[in-house]
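For reference, the structure discussed in these notes is given below.
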Amino acid sequence: MRKLLWLMSGVVLGFVAAHFVNQTPEGRRFFARVNRGVDELNRAFVTGYREAEAEADELLDDVENALRKLREQR
């Protein structure tokens, strides 16, 4: 329980510090760079997920076609 209290205190202090940093022009530029990096990471993640999903769908279609051919051969 004590570790949770320290964690929550750190989160609150981090938000307060970020608020004060964001009030300066340098701080706003810093957070703009961070946001661009997060957006780029998000786009890369979504692209990779969609590619993997498409590959899985293609593999599933191949398996379904192979099973259909096996049933037709009987």
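All heavy atoms count here, side chains included; hydrogens, waters and symmetry mates do not. None of the values given here were measured: they were computed from a predicted structure.
Other residues, nucleotides and ligands contribute only 12 or fewer heavy atoms inside 6.0 Å of the CD atom of E58. Other residues, nucleotides and ligands contribute more than 12 heavy atoms inside 6.0 Å of the CD atom of E53.
Between Q23 and R28 the shortest heavy-atom distance is O-NH1, 3.1 Å.
Using modelled atom types, no side-chain atom of N22 and backbone atom of A18 make a donor-acceptor pair closer than 3.5 Å. Side chain of N65 to main chain of D61: a donor-acceptor pair is present (N/O by atom type, distance under 3.5 Å, no hydrogens or angles).
Atom-to-atom distance recorded for E40:CD and N42:CG is 11.0 Å, nearest 0.5 angstrom. For the atom pair CG (D57) and CG (D62), the distance works out to 11.0 Å, reported to the nearest 0.5 Å.
Looking at residues two or more places apart in sequence or on another chain, you find no side chain to side chain contact (heavy atoms under 4.5 Å, CB included) involving E55.
Residues F15 and V21 do not share a hydrophobic cluster, clusters being chains of Ile/Leu/Val/Met/Phe/Trp/Tyr side chains in contact below 4.5 Å. Under a hydrophobic-cluster definition in which Ile, Leu, Val, Met, Phe, Trp and Tyr are linked whenever side-chain heavy atoms come within less than 4.5 Å, directly or via other members, M8 and V16 are assigned to different clusters.
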